[in-house]
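Read through the structure below, which is laid out as structure tokens, and then see the notes.
Chain letters run A, B, ... following the sequence lines, proteins first, then strands; residues in each count from 1. As the structure is a prediction and not an experimental result, all values here were calculated from the model.
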Amino acid sequence: MKEKKKAEKTEAYDFAKIEQKWQKEWEKKKVFEVKEDSKKKKFYVLEMFPYPSASGLHMGHAFNYTIGDVYARFKRMQGFNVLYPMGYDAFGLPAENAAIKAKSHPKKFTDEAIANFVRQQKGLGLSYDWGREIITCEPEYYKWNQYFFLKFLENGLAYRKRAAVNWCPKCESVLANEQVHNGRCWRHEDTEVEIKQLEQWFIKTTKYSDELLNTKNLEWPERIKIMQENWIGKSYGTEIDFEIPTESNFIVLHGYGGSSEVNFFPWLKRELEKKGYKVSVPKLPNTDNPNVNEQVKYVLDNCKLDENTVLLGHSLGSVVALKVLESLNKPIKKLILAAGFIEPVIKEWPFVKNFDWKFDFEKIRDNVKEIIILHDTKDKIPREQAEKLKEKLGSKLIYFEAEYKHICGEREPIVLNACLEKWSIFTTRPDTIYGVTFMVVSAQHPRLMELVLEKQKKDVEKFLGKIKSTSEKDAEMFGKEGVFTGSYAVNPLTNERVPVYAGNFVVADYGSGMVMAVPAHDQRDWEFAKKYKIPIKEVIKGGNIKEKAFTGDGILINSGKFSGLKSPAAIEEITKFLESKRLGKKAVNYKFRDWLVSRQRYWGTPIPIVYCEKCGIVPVPEKELPVRLPEKVKFGAGNPLATNKDFVEIKCPRCKGKARRETDTMDTFFDSSWYFLRYCDNKNEKEPFDKKKAEYWMPVDQYIGGAEHACMHLIYARFFTKVLRDFGFVKFDEPFFKLFNQGMLHGNDGYVMSKSRGNGVLPEEASKKYGIDAARLFLMSQAAPDKDTQWSENGIEGSLKLINKIFYYFSSLKHGKSSAIIESKTSKAIKEFTDDIENFRYNLGIIKLRALFEAFENEKEISRKDAESFLKMLHPFCPHIAEELWHKIGNKNFISLESWPKADESRINLQLEKQEQACNNLVGDINNIIKLLREKQNKDVHKVYIYTLPKEKDSYDKELLRKKLNIEIEIYSVADKGKHDPQGKASKAKPGKPAVYAE
RNA sequence: GCGGGAGUGCCGGAGCGGUCAAACGGGUUGGCCUUAGGAGCCAAUGGCUUAGUGCCUGCGAAGGUUCGAUUCCUUCCCCCCGCACCA
């Protein structure tokens with residue numbers, strides 16, 4: 001009712017008809033299609049492609065896309081070859097879940113949603129090159145995900161690892177670190193993420209940590225850069241080894257001939273026993289003519305091998321140790337290979353006969369928790385051999401430089417050192433090491449139980465149970481908590497023994513998951529120490545540690561030979577000292593983790609891997625790509641791919657033997673990490689994209705999207721680009737040169753507009769009522785596009801009014817000659833407007849457009865050129881009406897492809913504009929006088945006399961004033977002799993402000 | 001707690017060393033037009049004052065720098081965003 005009446009009265013122009021007409025026309029004539037053109041400068045405008053949700057677009061999306069469309073249209077008119085594409089991030093959980101609920105198929109859901117999106121987006125008048133559309137769930141696209149994954153694998157950037165991973169019970173899948181927010185799933189705010197130990201695929205994003213940290217050359221919002229920087233979280237510090245002796249039984253296996261045991265082993269035994277370890281040196285049989293198998297059997301039969309065992313193999317003993325490990329069925333604590341362990345050397349020994357030199361390294365690895373290989377650089381055994389072994393065992397390789405001496409030399413302390421049970425910690429404050437009064441290991445530390453003594457087991461288990469059953473929220477309330485493990489750590493500088501606690505406030509996967517606690521100089525440690533009555537030892541002067549920890553820099557006290565140093569110097573000195581004693585080293589730590597890409601869900605890109613019973617992990621050969629997602633699947637419990645026999649059961653591509661397919665799919669962020677490259681060449685069947693085409697279009701000149709992707713999509717995409725650069729696919733380092741973060745659109749209720757909130761306004765509805773041009777204009781005029789904006793019906797009506805006026809104005813416009821003032825104003829407007837659009841100050845640009853139009857309205861005639869300039873400026877915001885009026889005034893081509901107006905600086909005449917301003921002020925003054933006379937003196941004014949300064953007389957147009965005031969006017973110069981001035985008002989005239997007399 | 005951004009009228013928001021604080025939009029009030037209008041046009045919208053003027057108040061609070069600050073600096077308060085026990 002309401003609208004109908006309004007429509008009748010306002011006789012609003014027929015926007016629906018006009019908008020449809022031009023949308024069809026643009027599509028028919030392929031106005032926005034682009035090709036590479038070496039003669040033209042390119043400009044790539046890109047909006048983050050949407051996930052095609054079933055609920056479709058609301059006004060918030062329209063706001064978003066309009067920002068990009070305005071820019072694309074602007075740049076196109078400026079003469080750039082503009083690539084402005086659209087596509088759909090079509091894989092993902094919502095479609096799968098919706099399909100399960102509706103007993104349908106995610107493909108069907110997705111297709112429908114996309115069709116809906118496309119229709120709605122076309123309705124917004126967006127100038128995409130639709131020929132470049134990409135849809136990530138199509139095999140033509142995801143084939144290349146798989147291709148890239150294989151490339152990653154080939155180059156050691158993809159690996160499989162068993163690790164503690166984040167599991168969302170609602171998604172029934174693991175999540176990347178980036179997808180866990182506050183311990184909860186990024187899609188399920190109320191769902192706590194669980195930690196599971198799973199074998200998963202990872203991408204080595206950390207290889208590029210440092211390069212990703214460099215954002216200097218990016219024109220991005222500072223806060224996004226800072227967010228990324230914080231996310232990567234690089235910090236410099238020192239790694240320090242603390243010895244924590246627990247129950248350890250050393251079994252020292254000597255080598256051939258037993259020469260080393262004469263002096264070295266007794267010494268080692270003595271030293272270790274001094275420190276509280278148990279040591280045995282079994283007398284291996286036949287040392288003069290050794291038989292490895294026999295010796296292995298001897299060890300297996302005579303030695304106690306359990307989780308407290310440390311095997312130290314020396315020379316041939318190393319081989320024995322390795323073989324022993326092969327035959328165990330439960331792991332021992334530690335393996336130390338001290339020397340002479342490499343096959344070629346030992347092989348030469350004549351007496352080692354009939355020995356099978358093949359090792360089952362996987363088994364060995366499984367049977368020991370820690371492996372240390374000591375490599376003597378002066379030894380005959382080349383370094384590569386040691387490295388090779390290291391690779392196979394995944395051990396810590398420790399080099400030492402020393403002469404090979406049988407009697408205690410440099411080498412012996414190093415062996416001893418390796419025997420000690422070291423737990424390294426990371427600290428940025430080694431200067432406080434003398435203040436360590438306890439240690440805290442994370443309650444989630446995988447090796448926590450090794451530190452727990454028998455008598456403490458109950459306490460620790462109780463504690464672990466408690467924190468498991470407490471949610472994060474409650475944990476905050478309880479504060480820092482912990483429990484004594486029973487073990488003591490030895491401070492490497494003071495040799496003091498300090499208790500080791502398990503605590504809830506230490507992060508398991510940062511650093512080593514253990515910290516040295518300095519309560520005097522760390523607030524967290526301070527709180528913990530207070531709670532558990534642990535001594536607080538001040539080692540840095542500067543604060544009052546009775547009240548709280550002093551965390552600043554200062555001068556060291558109670559710190560042995562380092563006392564008196566200032567913190568920064570002490571950090572240097574102490575680190576140097578530790579390094580010299582092999583007790584620690586400089587280290588860099590990152591918060592950034594490798595990207596976990598496996599997902600236990602159906603609706604994603606299948607990971608192109610096969611597990612063969614014989615060959616192990618086998619990549620699917622490139623020519624067999626894509627590994628298609630089977631269409632027929634049964635949704636039920638868990639991942640439907642896992643129960644799909646046709647998919648899973650397969651022959652090994654290598655040996656043709658029995659094998660099974662990887663059933664995990666890729667994180668959908670994999671899809672979005674390179675889609676901007678595919679737009680450059682979206683139909684390529686031979687390659688992910690043509691290098692030349694990508695070279696022409698990339699990098700994206702202007703990327704537009706939300707800030708919520710700062711630490712996810714934007715990091716992954718940057719990572720991908722750098723990898724592809726190193727693979728030779730592209731030549732640039734960064735995908736997105738400029739980034740713009742749009743604000744959020746709020747609904748009538750003041751909350752961010754969203755489907756779930758129910759405050760969404762459909763673009764179609766607004767379109768129907770006001771036209772999409774009015775909606776676009778309103779959305780862009782409210783505030784700067786990077787700020788949040790509120791939707792309002794009144795506001796859009798205001799925009800419609802303006803467009804309406806413009807429509808009728810141009811419909812009856814007769815071209816002529818522009819006045820000097822209009823020429824000036826038009827030129828000035830062009831200049832300022834261009835600058836505003838370029839810098840995303842759309843709202844300010846629109847104001848200038850309004851002002852210019854008002855100036856037009858007051859004129860009798862306007863030149864064709866000025867009128868056209870106005871329409872061209874209107875066009876990015878209101879493309880339909882601009883196109884319509886452009887044709888209406890007699891043009892045949894598309895305004896969308898016209899060239900941007902140029903400001904003619906010579907036409908800008910500020911003097912004239914000043915005069916106009918003065919004239920307007922005068923009108924205001926006179927109106928005010930008339931009003932005051934009427935109200936105060938009850939006088940009606942018939943005629944007004946104006947007295948200007950002599951040189952200003954021509955600045956005031958009598959006719960114009962008469963028209964504006966609708967009253968008789970007489971203008972005098974103050975110098976005029978015969979002027980009518982009964983009250984002597986003329987004397988009040990000032991520059992730019994004439995005197996006035998009214999009667 | 002740390003990091004980032006902001007605080008201007010009834011509201012959204014301009015201004016970011018002086019020449020104008022409140023452009024532009026919305027709202028509200030009054031007037032014109034009109035049978036009527038929620039259409040259109042005009043005007044007002046911190047206070048006092050006035051023939052067009054002048055003065056005062058004023059840009060979260062308090063200080064400071066400056067001849068001069070909404071604009072720069074310091075502290076505090078509040079709001080928004082991000083990270084969150086990262087050693």
Identify whether any heavy atom of [X] sits under 4.0 Å from a base atom; if not, whether one sits that close to sugar-phosphate; answer base, sugar-phosphate or nothing.
X: A/Y997; answer: base
X: A/S792; answer: nothing
X: A/K225; answer: nothing
X: A/V506; answer: base
X: A/Q523; answer: nothing
X: A/G798; answer: sugar-phosphate
X: A/A707; answer: nothing

Rounded distance (Å) that lies between atom [atom2] of [N] and atom [atom1] of [X]:
X: A/K548; N: B/rG1; atom1: NZ; atom2: P; answer: 11 Å
X: A/K591; N: B/rG82; atom1: NZ; atom2: P; answer: 15 Å
X: A/H746; N: B/rC80; atom1: NE2; atom2: P; answer: 12 Å
X: A/E708; N: B/rG4; atom1: CD; atom2: C1'; answer: 17 Å
X: A/D836; N: B/rC24; atom1: CG; atom2: P; answer: 15 Å
X: A/N741; N: B/rG5; atom1: CG; atom2: P; answer: 14 Å

Any residue meeting side-chain hydrogen bond (donor to acceptor under 3.5 Å, both in side chains) with [X], in chain and number order, not counting sequence neighbours:
X: A/E999; result: A/Y945, A/H980, A/Y997
X: A/W423; result: none
X: A/D210; result: A/K234, A/Y590
X: A/S973; result: none

Out of B/rC83, B/rC24, B/rA51, minimum distance to the side chain of A/L933 belongs to B/rA51

For A/H709 and A/H713, take the angle between the two ring planes, folded into 0 to 90°, and tell me which bin it lands in: parallel under 30, tilted 30 to 60, perpendicular over 60.
perpendicular

Does A/D525 pair with A/K480 as a salt bridge, N-O distance under 4.0 Å?
no

5' precedence on RNA chain B between A/S235 and A/S799 (nearest-nucleotide basis):
A/S799

Counting Watson-Crick and G-U wobble pairs only, both distances under 3.5 Å, name the nucleotide matched with [N], or none.
N: B/rG82; result: B/rC2
N: B/rA44; result: B/rU28
N: B/rA39; result: none
N: B/rC72; result: B/rG64

Could I get the full list of ring pair (Phe, Tyr, Trp, His ring centres under 6.0 Å) partners for A/F550, not counting sequence neighbours?
none

For A/W526, what residues pass the ring pair (Phe, Tyr, Trp, His ring centres under 6.0 Å) criterion, not counting sequence neighbours?
none

Indicate for each nucleotide in nucleotides 7-16 of chain B, in 5' to 3' sequence, whether protein heavy atoms under 4.0 Å reach the base (B), only the sugar-phosphate (S), or nothing (-).
-----SSS--

Taking the ring centre of each residue, are A/Y842 and A/F877 less than 6.0 Å apart?
yes

Sub-3.5 Å pairs of nitrogen or oxygen atoms, protein against nucleotides 52-55 of chain B:
unit_1	atom_1	unit_2	atom_2	d
B/rG52	O2'	A/D925	OD1	2.1
B/rG52	O2'	A/D925	OD2	3.2
B/rG52	N1	A/P994	O	3.4
B/rG52	N2	A/P994	O	2.1
B/rU53	OP1	A/D925	OD1	3.4
B/rU53	OP1	A/K993	NZ	3.0

How far, in whole Å, is B/rU70 from B/rC20 if one measures between their C1' atoms?
13 Å

If the P atom of B/rU8 is compared with that of B/rA61, how far apart are they to the nearest Å?
10 Å

In residues 510-518 of chain A, which residues come under 4.0 Å of RNA chain B by heavy atom?
A/Y510, A/V515

Mind checking what makes side-chain contact (heavy atoms from CB on, under 4.5 Å) contact with A/N230, not counting sequence neighbours?
A/I226

Quick note, salt bridge (charged side-chain N to carboxylate O under 4.0 Å, His left out) partners involving residues 842-853 of chain A, not counting sequence neighbours, are A/D836-A/K848

Can you list, pair by pair, the side-chain donor-acceptor contacts under 3.5 Å of residues 915-923 of chain A, counting residues two or more places apart and other chains?
unit_1	atom_1	unit_2	atom_2	d
A/E916	OE1	A/K825	NZ	2.7
A/E916	OE2	A/K825	NZ	3.1
A/Q917	NE2	A/N921	OD1	3.4
A/N920	OD1	A/K964	NZ	2.9

